[in-house]
Amino acid sequence: MLVSIPPGWHMKEALATPEDVYLDRRRLIARLTGASVGMGLALAAPALAEPGSRSVPPPKAPGTNPTADLYPARRNPAFELDRPLTPESAASSHNIFDEFSDDYEQVATVAAGFVTRPWRIYVGGLVEKPFVIDVDELTRRLGIEERLYRFRCVTAWAMAVPWTGIPFRKFVELAKPMSKARYVRMVTAARPDQMPGWYKTRRVFPYYEALTIEEATNELALLASGIYGHPLPPQHGAPIRLIVPWKYGLKGIKSIVAFQFTEERPGTFWNELSPKNYSFYSNVDPTEKNQAEETLLHTEETRKTLPFNGYGEWVAKLYA
Ligand SMILES: Nc1nc2c(c(=O)[nH]1)N[C@H]1C(S)=C(S)[C@@H](COP(=O)(O)O)O[C@H]1N2
Ligand SMILES: [Mo]
């Protein structure tokens, strides 16, 4: 059987040196811990295109969202927060999506026109039968629910937001991996024509990530298609992105176009760029260097980092 393989499966090793990457990340950290973090957020966010409006035109028109009627989805009460929800205006105007811009506060504006419909997803590798599925067919078929989760970036900012999405476990059941499959690899869309940050770094996109199948089928793992009760806007990784709340945000790959099941452990974007700084697992760990505390977006309150971001009850057993 012939399966179209999206660009990215066969990417060469990243061309950046770890030092370049580390310096780049340091620059971002410096920017974050500088005076501007919360203050910039208070400034009026640009008008964000919300693809979730209920009066969307008929689904066939390119760029419209035929699943807008699924929002807001039923909230799963199993996941409670220990802190207030981050206001949407803050969460959606401070984003990391380097393909668009490395300026956190510019990502929403730069990504606003990103075309996310129609959107096909390739499912392949060690599965019974590779297939391609439209993202809206996927959400409608598997169903979506809302969950309140803490979120923690490796650069020590944190937020708490309502994601809407498909439990990853249901997706794995649909994909039917072979028994020898042990990992699932994901790749972000390669659309340099629409992504102004694509060539502005030595890093080689597309972005790629991976989980063990045990991680992907853990109750917490979510393929998010929405946030704050409506479909994801582009800056958060529309139309579908990964949310694994016990890991640093960098594991939460955005705008996914492909899932590949493998036997060998796949490389991951930040780990291959700088293994010393970013491990494959990247679980939130307060004992790591510079990770003891975190700063909440919007309020700038400082909190002690929780092991596994407070989700040990669900996931500590995976690493025991
Ligand atoms: N494709 C892609 N996915 C990505 C990133 C990125 O630069 N490109 N940044 C990651 C990082 S470091 C973080 S903290 C989160 C940020 O998600 P948010 O902007 O929705 O808060 O997205 C992750 N997913
Ligand atoms: Mo991050």
Side-chain angles (χ1 to χ4, degrees), residues 14 16-34 37-38 78-84 86 91 94 96 98 104 147-161 163 168 182-184 186 207-222 242-253 265-320:
T17 66
E19 290 73 22
D20 291 332
V21 174
Y22 189 52
L23 286 173
D24 202 27
R25 198 43 96 162
R26 292 278 300 244
R27 184 165 56 79
L28 294 176
I29 293 169
R31 186 183 298 164
L32 184 76
T33 51
V37 181
F79 309 101
E80 287 168 10
L81 294 176
D82 58 349
R83 58 195 69 181
T86 304
H94 177 276
I96 309 192
D98 291 335
Y104 296 175
R147 298 180 178 189
L148 308 182
Y149 278 166
R150 288 181 290 275
F151 183 98
R152 172 62 153 78
C153 174
V154 73
T155 57
W157 58 269
M159 61 180 183
V161 302
W163 298 106
F168 204 143
R182 294 184 52 214
Y183 298 90
V184 54
M186 290 149 274
Y207 200 95
Y208 51 97
E209 259 301 336
L211 296 173
T212 66
I213 291 193
E214 289 69 33
E215 291 175 328
T217 53
N218 184 272
E219 198 184 341
L220 290 173
L222 196 68
L242 176 66
I243 292 296
V244 275
W246 71 98
K247 294 178 179 286
Y248 295 117
L250 59 91
K251 294 292 290 183
I253 180 172
R265 187 164 101 181
T268 58
F269 189 80
W270 282 106
N271 174 247
E272 291 199 326
L273 287 169
S274 185
K276 284 190 306 251
N277 295 301
Y278 312 105
S279 69
F280 172 81
Y281 289 108
S282 287
N283 295 323
V284 176
D285 180 357
T287 68
E288 277 173 1
K289 201 174 153 214
N290 302 328
Q291 297 297 359
E293 291 184 337
E294 63 194 27
T295 303
L296 304 192
L297 268 192
H298 190 66
T299 61
E300 295 191 57
E301 183 194 334
T302 299
R303 294 239 180 172
K304 280 204 163 27
T305 303
L306 302 168
F308 299 109
N309 203 20
Y311 294 104
E313 186 189 327
W314 282 269
V315 296
K317 59 179 186 285
L318 296 176
Y319 311 101

[Y] backbone acceptor or donor facing [X] side chain under 3.5 Å:
X	Y	value
Thr302	Thr295	no
Gln291	Ala156	no
Thr305	Ala292	yes
Ser282	Tyr278	no

In chain order, what residues pass the salt bridge (charged side-chain N to carboxylate O under 4.0 Å, His left out) check against [X], with sequence neighbours excluded?
X	value
Glu301	Arg303
Glu294	Arg83, Arg152
Arg182	none

Rounded to the nearest 0.5 Å, what separation is found between the [atom1] atom of [X] and the [atom2] atom of [Y]?
X	Y	atom1	atom2	value
Leu306	Asp82	CG	CG	6.5 Å
Thr217	Phe168	OG1	CZ	9.0 Å
Phe151	Tyr248	CZ	OH	12.5 Å
Glu209	Asn271	CD	CG	8.5 Å
Asn277	Lys289	CG	NZ	7.5 Å
Met186	Leu211	CE	CG	4.0 Å

Quick test of your reading: applying salt bridge (Lys or Arg N to Asp or Glu O under 4.0 Å), list the pairs with at least one residue in residues 211-222, sequence neighbours left out, ordered by first then second residue.
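Listed by first then second residue: Glu215-Lys247.
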What are the two closest non-hydrogen atoms of [X] and [Y], and how far apart are they?
X	Y	answer
Phe280	Lys251	O-NZ, 2.7 Å
Val161	Ala91	CG1-CB, 4.0 Å
Arg147	Leu220	NH1-O, 3.6 Å
Pro266	Ala210	CG-CB, 3.7 Å
Val284	Asn309	CB-N, 3.6 Å

Take Glu80 and Leu148 through the side-chain contact (heavy atoms from CB on, under 4.5 Å) test and state the conclusion after the steps.
CA-CA 6 Å; Glu80 287 168 10; Leu148 308 182; over 6 Å; no
Among residues at least two apart in sequence or on other chains, which ones pass side chain to side chain contact (heavy atoms under 4.5 Å, CB included) with Pro307?
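Scan of Pro307 (side chain to side chain contact (heavy atoms under 4.5 Å, CB included), adjacent residues dropped) gives Pro286.
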Applying side chain to side chain donor-acceptor pair (under 3.5 Å), can you list everything that pairs with Glu293, at least two apart in sequence or on another chain?
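For Glu293, no residue satisfies side chain to side chain donor-acceptor pair (under 3.5 Å) once neighbours in sequence are set aside.
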Residue list, side chain to side chain donor-acceptor pair (under 3.5 Å) with Asn218, at least two apart or on another chain
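Applying side chain to side chain donor-acceptor pair (under 3.5 Å) to Asn218 gives none.
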Does Tyr104 reach the side chain of Thr155, with side-chain heavy atoms less than 4.5 Å apart?
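SC-SC contact between Tyr104 and Thr155 confirmed.
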Is there side-chain contact between Tyr281 and Thr268, with at least one heavy-atom pair below 4.5 Å?
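Side-chain contact under 4.5 Å: no.
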Listed by chain and number, what are the ring pair (Phe, Tyr, Trp, His ring centres under 6.0 Å) partners of Phe308, not counting sequence neighbours?
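Result, ring pair (Phe, Tyr, Trp, His ring centres under 6.0 Å) vs Phe308: Tyr319.
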Partners meeting ring pair (Phe, Tyr, Trp, His ring centres under 6.0 Å) with Tyr311 (sequence neighbours left out)
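Only Tyr149, Trp314 meet the ring pair (Phe, Tyr, Trp, His ring centres under 6.0 Å) criterion with Tyr311.
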